[in-house]
**Q** 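The structure is given below, and queries will be raised subsequently.
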Amino acid sequence: LRFDAYHVLDRSGRPLYGTIIWNVPGAQLDPEADALLRRLVTQQGVGLVAFSDTVLTPVVAELTGVKSTGKYEAAIALAPVGEHFITRGLRIAETSAKVTGLLRNRWAGAAAEVVGGTAVEAREDAIVVRRGGRPFLTARQTPGGGHTVWLDSERTTAQLCRQTVRDLF
C-alpha cells in the first residue's frame with residue numbers, strides 16, 4: 001500500500017482532505033506512512049472513517065480505539081446506544097436488502113439474515129450502535145481534534161447494500 005504525504009498534503013504541508021475513508025483490509029504501512037496517518041488525525045484534525053477488519057492495521061486500531069478480537073456471525077438487529085448526532089433522526093430498523101439493479105451480481109450476503117462481521121473491543125463511551133452485544137459503529141475524537149469512526153461493514157458481507165447501514169455511513 002502506498003500512503004504518503006504526496007497524496008494527502010499540499011505543498012505547504014496542510015492536509016488536502018478533511019476525512020480519510022480507510023477500506024484497506026490487511027494493510028501493512030511502513031513507519032513513515034504510519035506516522036503520517038497518526039499525525040494527520042491526532043495533530044492536524046483530519047477525520048478517519050475505517051471499515052470492519054481494517055482495524056487489523058495497528059495504527060488504525062489505535063486511532064479508532066477499536067481492537068479486533070476475531071470474527072462473528074449473528075442474526076441480531078442493530079440498535080443505537082443512547083443519543084448521538086450520527087443516529088439522530090434515523091430509523092434503525094434493519095431489513096434485508098432489496099435485490100435491485102444496484103445488486104448486479106446478486107450478492108447472497110445482501111439478503112442473508114445472518115451477517116458476519118469483525119468482533120471488537122471498544123470503550124463503552126465510543127459505541128454508537130451495537131449488533132447484539134457487539135459494537136457495530138463507534139465514534140471518538142482524538143486529543144488533537146480529528147474525529148474517527150469505525151463501521152463494521154465489509155465487502156464480503158454486503159452490509160452496505162442494506163439501507164440502514166448506508167444511512168449510518
Side-chain angles (χ1 to χ4, degrees), residues 1-3 19-31 33-34 36-38 40-42 46-82 84 86-87 90-100 102-142 146-169:
L1 171 70
R2 183 177 173 102
F3 181 77
T19 301
I20 296 169
I21 298 176
W22 194 267
N23 194 10
V24 191
Q28 296 181 357
L29 299 177
D30 61 44
D34 190 279
L36 174 62
L37 182 57
R38 184 179 290 108
L40 285 168
V41 175
T42 63
V46 173
L48 175 66
V49 177
F51 290 93
S52 201
D53 60 352
T54 61
V55 295
L56 293 173
T57 302
V59 68
V60 176
E62 172 193 325
L63 293 169
T64 59
V66 174
K67 178 184 173 193
S68 175
T69 59
K71 295 284 188 185
Y72 74 89
E73 287 189 342
I76 302 169
L78 298 175
V81 177
H84 196 279
I86 292 175
T87 57
L90 290 181
R91 275 186 351 125
I92 300 184
E94 192 171 32
T95 58
S96 296
K98 294 177 184 167
V99 178
T100 66
L102 294 173
L103 300 175
R104 294 183 206 284
N105 62 3
R106 308 237 188 259
W107 260 333
E113 293 299 320
V114 175
V115 295
T118 301
V120 299
E121 293 175 355
R123 289 188 4 219
E124 280 301 313
D125 63 343
I127 301 170
V128 178
V129 176
R130 290 184 181 275
R131 181 178 297 287
R134 295 179 172 86
F136 181 80
L137 173 70
T138 67
R140 64 187 286 246
Q141 184 172 0
T142 64
H147 290 83
T148 65
V149 172
W150 173 78
L151 179 65
D152 187 21
S153 179
E154 60 183 48
R155 284 175 245 118
T156 59
T157 63
Q159 288 190 64
L160 274 176
C161 294
R162 296 168 187 248
Q163 187 62 50
T164 301
V165 177
R166 286 197 310 269
D167 289 347
L168 289 170
F169 177 66

**Q** So do the side chains of Val46 and Ile20 get within less than 4.5 Å of each other, counting heavy atoms only?
**A**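 They are in side-chain contact.
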**Q** So that I can tick it off, tell me whether Glu124 and Arg130 are bridged by a salt bridge, with the cut-off set at under 4.0 angstrom between side-chain N and carboxylate O.
**A** yes
**Q** Would you mind reporting whether Val129 and Val81 have side-chain heavy atoms less than 4.5 Å apart?
**A** no
**Q** Do Leu37 and Val60 have side chains that approach each other closer than 4.5 Å (heavy atoms only, starting at C-beta)?
**A**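 Sidechains of Val60 and Leu37: in contact.
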**Q** So Val41 and Thr148, do their side chains get closer than 4.5 Å, heavy atoms only?
**A**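 Yes; the side chains approach each other to less than 4.5 Å.
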**Q** Can you list everything that forms a salt bridge (Lys or Arg N to Asp or Glu O under 4.0 Å) with Lys67? Sequence neighbours excluded, please.
**A**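 If we apply the salt bridge (Lys or Arg N to Asp or Glu O under 4.0 Å) test to Lys67, skipping adjacent residues, there are no hits.
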**Q** Is the side chain of Arg131 donor-acceptor paired with the backbone N or O of Ala79 at a distance under 3.5 Å, no angle test?
**A**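 No.
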**Q** With the side chain counted from C-beta on, respond yes when Asp34 and Phe3 share a heavy-atom pair under 4.5 Å apart, and no when they do not.
**A** no
**Q** Go through Arg123 and Arg140 one step at a time and tell me if the side chain to side chain contact (heavy atoms under 4.5 Å, CB included) criterion holds.
**A** CA-CA 10 Å; Arg123 289 188 4 219; Arg140 64 187 286 246; 4.1 Å; yes
**Q** Report the residues that fulfil side-chain contact (heavy atoms from CB on, under 4.5 Å) with Thr69, sequence neighbours left out, ordered by chain and then residue number.
**A**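 side-chain contact (heavy atoms from CB on, under 4.5 Å) list for Thr69, sorted by chain: Ala119, Glu121.
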**Q** For residues 52-63, which residue pairs pass the side chain to side chain donor-acceptor pair (under 3.5 Å) check, not counting sequence neighbours?
**A**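 Every side chain to side chain donor-acceptor pair (under 3.5 Å) pair that includes a residue of residues 52-63, provided the two are not neighbours, is Arg38-Glu62, Ser52-Thr118, Ser52-Asp152, Ser52-Glu154.
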**Q** Are the side chains of Val149 and Leu137 in contact, using a 4.5 Å heavy-atom criterion?
**A**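 When only atoms from C-beta onward are counted, Val149 and Leu137 do touch, with a gap below 4.5 Å.
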**Q** Which residues satisfy the side-chain contact (heavy atoms from CB on, under 4.5 Å) test with Val66, sequence neighbours excluded?
**A**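 In terms of side-chain contact (heavy atoms from CB on, under 4.5 Å), with neighbours along the sequence ignored, Val66 is linked to Val55, Thr64, Val120, Ala122, Thr138, Trp150.
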**Q** Between CG of Leu48 and OG1 of Thr42, what distance do you get to the nearest 0.5 Å?
**A**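 The OG1 atom of Thr42 is 11.0 Å from CG of Leu48, to the nearest 0.5 Å.
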